[in-house]
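What follows is a short report on a single structure.
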Amino acid sequence: MELTLGQYDLIYNAFSFAIAVMGAATVFLFLGRSQVAHQYKTAVALSGLVTLIAFYHYWRIFDSFEAAFTVSATGAKLTGVFNDAYRYVDWLLTVPLLLLELILVMRLSREETVQKGSNLAFLAAVMVALGYPGEISSSNDVRWQWWVLSMIPFTMIVFKLVVGLSKSINAQPESVRELVSNARFITLATWCFYPIVFMFPMLGVSGSKSYVFVQVGYTIADILAKAAFGVYIWMIAVRKSESNA
């Protein structure tokens, strides 16, 4: 496979930008723990842990991408191996934690926190695991098969966030109820990027264009779902701390 210089630079700069964003978010979130009440420090710490894990993996993705391509004046040619597994290892760790952030910042009862948190985290891990065989397959039929399978736990997560958490969100203090409610929809909105990006190679987008769409699309989704969402969780924690909620 060959990329134009513009395509290569777009992916290269997207990875570089992700490293900077994840690194900055990690520093911000860990320092921001001092501004929230004790009961919300774990949620903010998890947010920082998510961006720290993502920072490390994007560093590895960046190195792997740079080593896999030979760049010349006419373009960039794939002469090595780009390790796609870095993304899925990252998601296997961070996606369950993203859901735990939301559960912890809601400050539910211990029993409800354990029950809802473990359930959502398990479904998230299964979803990621089911997506990987399709991601590395060159067959559209195989990709569709694993996409459908991974959408089963995804749909269950959506149901639990929209319906299962409604009662718990309505019990939140009025000053933060809207923020918490928005957080679950932000989660859903950012997560919808992933199955859509996964589908690009199956929808007639092939070759270098497909490669660019997938790499840049996943990177944008990660920035929104991890760094931006982490800062939003911090905002909820600050608001609840200020109102002693």
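Any value given below was found using the heavy atoms of this structure, including those in side chains, with hydrogens, waters and symmetry copies removed.
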Next item on the list: Kindly compute the distance separating CZ (Phe193) from OG1 (Thr219), expressed to the nearest 0.5 Å.
Entry: 12.0 Å
Checklist line | Pairwise side-chain contact, Tyr8 with Val71, heavy-atom cut-off 4.5 Å (strictly under) | finding: yes
Item checked: Test item: Lys226 and Trp91 side chains (from C-beta on) under 4.5 Å apart, heavy atoms -> yes
Item checked: Side-chain (Thr190) to main-chain (Ile186) donor-acceptor, under 3.5 angstrom -> yes
Check: In terms of ring plane angle, is the pair Phe55 and Trp59 parallel, tilted or perpendicular, where the classes change at 30° and 60°?
Finding: tilted
Cut-off 3.5 Å, no hydrogens considered: what does the side-chain donor-acceptor table look like for residues 195-202, sequence neighbours left out?
none

Check: What's the verdict on side chain to side chain contact (heavy atoms under 4.5 Å, CB included) for Met235 and Val238, showing C-alpha distance, side-chain angles and the deciding distance?
Finding: CA-CA 5 Å; Met235 289 172 56; Val238 169; 5.8 Å; no
Item checked: Phe15 side, atom CZ; Leu10 side, atom CG - distance, nearest 0.5 Å -> 9.5 Å
Check: Would Leu92 end up clustered with Tyr218 when hydrophobic side chains under 4.5 Å apart are linked, directly or stepwise?
Finding: yes
Check: For the side chain of Asn182 and the backbone of Glu178, is there at least one donor-acceptor N/O pair under 3.5 Å apart?
Finding: yes
Check: Does anything in residues 110-120 pair up under side chain to side chain donor-acceptor pair (under 3.5 Å), and if so which pairs, sequence neighbours excluded?
Finding: Glu112-Ser168
Checklist line | Non-hydrogen atoms of Thr51 and Ala227 that approach each other most closely | finding: CG2-CA, 3.8 Å
Notebook entry, point to check: Under 4.5 Å between any side-chain heavy atoms of Phe69 and Thr79, yes or no?
Noted result: no
Notebook entry, point to check: Quick one: does Trp234's side chain get under 4.5 Å of Gln35's, heavy atoms only?
Noted result: yes
Check: From Leu49 CG over to Thr42 OG1, what is the distance, rounded to the nearest 0.5 angstrom?
Finding: 11.5 Å
Margin query: Are Leu179 and Lys240 packed together at the side-chain level, in the sense that at least one heavy-atom pair is separated by less than 4.5 angstrom?
Written below: no
Notebook entry, point to check: How would you list, by chain and number, every residue that makes a salt bridge (Lys or Arg N to Asp or Glu O under 4.0 Å) with Lys41, sequence neighbours excluded?
Noted result: none
Item checked: Those residues that, when tested against Arg184, pass salt bridge (Lys or Arg N to Asp or Glu O under 4.0 Å) (two or more places apart) -> none
Check: Any side-chain heavy atom of Arg60 sitting closer than 4.5 Å to one from Val89?
Finding: no
Note to self: Let me confirm one number: the CD-OG distance from Glu2 to Ser72, rounded to the nearest 0.5 Å.
What the structure shows: 7.5 Å
Next item on the list: Specify the closest pair of heavy atoms between Leu120 and Leu99, including all atoms of both residues, with the distance to one decimal.
Entry: O-CD1, 3.4 Å
Next item on the list: Indicate, with yes or no, if Tyr58 and Val50 share a hydrophobic cluster defined by side-chain heavy-atom contacts under 4.5 Å among Ile, Leu, Val, Met, Phe, Trp and Tyr.
Entry: no
Item checked: Heavy-atom pair of closest approach, residues Tyr132 and Ala85 -> OH-CB, 3.7 Å
Margin query: With a 4.5 Å cut-off on side-chain heavy-atom distances among I, L, V, M, F, W and Y, is there a chain of contacts connecting Phe28 to Leu97?
Written below: yes
Next item on the list: Determine whether Ile53 and Met22 fall in the same hydrophobic cluster, where Ile, Leu, Val, Met, Phe, Trp and Tyr are linked whenever their side-chain heavy atoms lie under 4.5 Å apart.
Entry: no
Check: Is the backbone N or O of Ser138 less than 3.5 Å from a side-chain atom of Arg143, with the two atoms forming a donor-acceptor pair by type?
Finding: no
Next item on the list: Mind listing the closest non-hydrogen atom pair of Ala43 and Leu104 along with its distance?
Entry: CB-CB, 3.9 Å
Next item on the list: Determine the minimum heavy-atom distance between Ile233 and Ser47, stating which atoms define it.
Entry: CG2-OG, 3.7 Å
Notebook entry, point to check: Has Phe17 got more than 12 heavy atoms of other residues, nucleotides or ligands less than 6.0 Å from its CZ?
Noted result: no
Notebook entry, point to check: Using 4.0 Å as the upper bound for N to carboxylate O, is an ion pair formed by Arg87 and Asp222?
Noted result: yes
Item checked: Donor-acceptor contact present, side-chain Thr26 to main-chain Leu52, <3.5 Å -> yes
Check: Side-chain contact, heavy-atom cut-off 4.5 Å: Leu98 with Glu101?
Finding: yes
Check: Aromatic ring centroids of Tyr194 and Trp191 under 6.0 Å?
Finding: no
Check: Hey, what else clusters with Val27 if you join Ile, Leu, Val, Met, Phe, Trp, Tyr whenever side-chain heavy atoms sit under 4.5 Å?
Finding: Leu31
Checklist line | Path from Phe30 to Tyr40 over hydrophobic side-chain contacts below 4.5 Å | finding: no
Mind listing the side-chain donor-acceptor pairs of residues 148-163 below 3.5 Å, one per line with the distance, residues two or more places apart or on another chain?
| unit_1 | atom_1 | unit_2 | atom_2 | d |
| --- | --- | --- | --- | --- |
| Ser150 | OG | Trp146 | O | 3.2 |
| Ser150 | OG | Trp147 | O | 2.9 |
| Thr155 | OG1 | Met151 | O | 2.7 |

Next item on the list: Show the numbers, then the answer: is there a side chain to side chain contact (heavy atoms under 4.5 Å, CB included) between Ile19 and Phe62?
Entry: CA-CA 9 Å; Ile19 292 171; Phe62 182 86; 3.8 Å; yes
Notebook entry, point to check: Atom CG of Leu5 and atom OG1 of Thr74: how far apart are they, to the nearest 0.5 Å?
Noted result: 7.0 Å
Notebook entry, point to check: Can you tell me how far CD of Glu66 sits from CD1 of Ile61, rounded to the nearest 0.5 angstrom?
Noted result: 14.0 Å
Next item on the list: Might you point out which heavy atoms bring Ser137 and Ser139 nearest each other, and give the distance in Å?
Entry: OG-N, 3.1 Å
